[in-house]
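Given the structure is predicted, the values throughout are model-derived calculations rather than measurements.
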Amino acid sequence: MSVYDIPFQTMDGQTTSLAPYRDGPILVVNVASRCGLAPQYETLERLQRTYGDRGLTVIAFPSNQFHQELRDNAAVLEFCSLTYGVTFPVMDRVRVNGRDTHPLYVALKQTPDSQGKAGRVTWNFEKFLVLPGGETHRFRPRTLPDAPEIITLIEQSLHTTT
């Protein structure tokens with residue numbers, strides 16, 4: 001099964017996958033509203049608005065594994081909308097580590113970061129950029145969503161989708 005075929009839930013309980021977005025780059029991010037890195041939402045939204053019409057999709061997966069997410073999906077959506085004007089998809093909560101890790105994150109975590117290290121998600125706002133064709137790149141939480149290495153990969157993959 002490819003990373004595109006792994007099912008997950010939307011916040012309203014529908015089953016979906018990355019497949020509808022496979023023609024463009026997909027930036028998958030585990031998020032948490034109370035995290036000190038939450039201002040990255042603003043940059044993620046800016047990326048979505050800048051590149052969305054050319055194929056980029058940012059997809060957020062709330063996770064409370066680091067005990068920094070709000071109590072329920074409605075609160076998360078309200079926070080994302082009112083605080084950062086988020087328009088990109090925010091999915092249902094997932095576990096990114098441990099025994100009950102969501103299958104999507106089981107697959108994504110096999111991708112090594114720039115230091116060659118795969119495995120556990122270290123914190124909120126870890127980013128996985130899935131390029132058309134399934135090649136995946138991993139960026140740790142403190143790498144900003146608009147870091148040159150991310151933007152370069154996004155822009156290179158957009159040229160093949162336009």
task: Measure up the Tyr41 and Phe125 rings against each other and bin them: parallel (under 30°), tilted (30 to 60°), perpendicular (over 60°).
output: perpendicular
query: Has the side chain of Tyr51 got a donor or acceptor atom that lies under 3.5 Å from a matching backbone atom of Glu155?
result: no
task: Treat each ILVMFWY residue as a node, draw an edge where side-chain heavy atoms are under 4.5 Å apart, and state whether Ile154 and Leu144 are in one component.
output: no
- request: Taking Asn64 for its side chain and Leu70 for its backbone only, find out whether a donor-acceptor pair lies under 3.5 Å.
  value: no
- request: Could you walk me through whether Glu69 and Arg34 pass salt bridge (charged side-chain N to carboxylate O under 4.0 Å, His left out), step by step?
  value: CA-CA 6 Å; Glu69 189 51 275; Arg34 293 184 179 144; over 6 Å; no
query: With a 4.5 Å heavy-atom cut-off, do Asn97 and Phe66 have their side chains touching?
result: yes
task: Please confirm whether the backbone N or O of Lys109 pairs with a side-chain atom of Glu126, one donor and one acceptor, at under 3.5 Å?
output: no
field: Test item: Gln40 and Lys127 side chains (from C-beta on) under 4.5 Å apart, heavy atoms
entry: yes
message: Please check: side-chain N/O of Ser81 versus main-chain N/O of Leu77, any donor-acceptor pairing under 3.5 Å?
response: no
message: Nearest 0.5 angstrom please: Glu42 CD to Leu47 CG, how far?
response: 11.0 Å
- line: Checking Val3, Thr57, Leu27 against Val130 for side-chain contact (heavy atoms from CB on, under 4.5 Å), the one that qualifies is Val3
query: Which atom pair, heavy atoms only, marks the closest approach of Pro20 to Ser17?
result: CD-O, 3.1 Å
Under 3.5 Å donor-acceptor, Thr136 side chain and Gly134 backbone: yes
task: Check whether any side-chain heavy atom of Met11 lies under 4.5 Å from a side-chain heavy atom of Val76, and answer yes or no.
output: yes
task: Carefully, step by step, assess Leu44 and Val29 under the rule side-chain contact (heavy atoms from CB on, under 4.5 Å).
output: CA-CA 9 Å; Leu44 292 167; Val29 186; 3.9 Å; yes
query: Would a distance-only check, ignoring hydrogens and angles, find a side-chain to backbone donor-acceptor pair under 3.5 Å from Gln9 to Met91?
result: no
task: Taking all heavy atoms of Ala118 and all of Gln110, pick out the closest pair and write down the distance.
output: CB-O, 3.6 Å
- prompt: Can you name the nearest heavy-atom pair linking Arg95 to Asp100, along with the distance?
  reply: CB-O, 3.4 Å
query: So which heavy atom on Asn30 is nearest to which on Val96, and how close?
result: CB-CG1, 3.9 Å
query: With ring centroids as reference points, do Phe79 and Tyr84 lie under 6.0 angstrom apart?
result: yes
field: Leu108 backbone acceptor or donor facing Thr111 side chain under 3.5 Å
entry: yes
- request: Decide whether Val58 and Leu82 are clustered together by the hydrophobic rule: side chain heavy atoms of Ile, Leu, Val, Met, Phe, Trp, Tyr closer than 4.5 Å, transitively.
  value: no
query: Can any side-chain N or O of Thr83 pair as donor or acceptor with the backbone N or O of Cys80 at less than 3.5 Å?
result: no
- prompt: Will you find, in the side chains of Gln68 and Ser33, an N or O donor that is under 3.5 Å from an N or O acceptor?
  reply: no
statement: The reported gap from CG in Leu158 to CG in Leu131 (rounded to nearest 0.5 angstrom) is 9.5 Å
Thr10 side-chain N/O to Gln14 backbone N/O, donor-acceptor pair under 3.5 Å: yes
- request: Look up atom OG in Ser114 and atom NE2 in His137, then write down how far apart they are to the nearest 0.5 Å.
  value: 11.5 Å
field: Which atom of Asp92 lies closest to which atom of Pro62, heavy atoms considered
entry: O-CD, 4.1 Å
- request: Heavy atoms only: give me the nearest Gly119-Arg138 pair and the separation to one decimal.
  value: O-NH2, 2.7 Å
- prompt: Do Leu18 and Phe8 have side-chain heavy atoms sitting under 4.5 Å apart?
  reply: yes
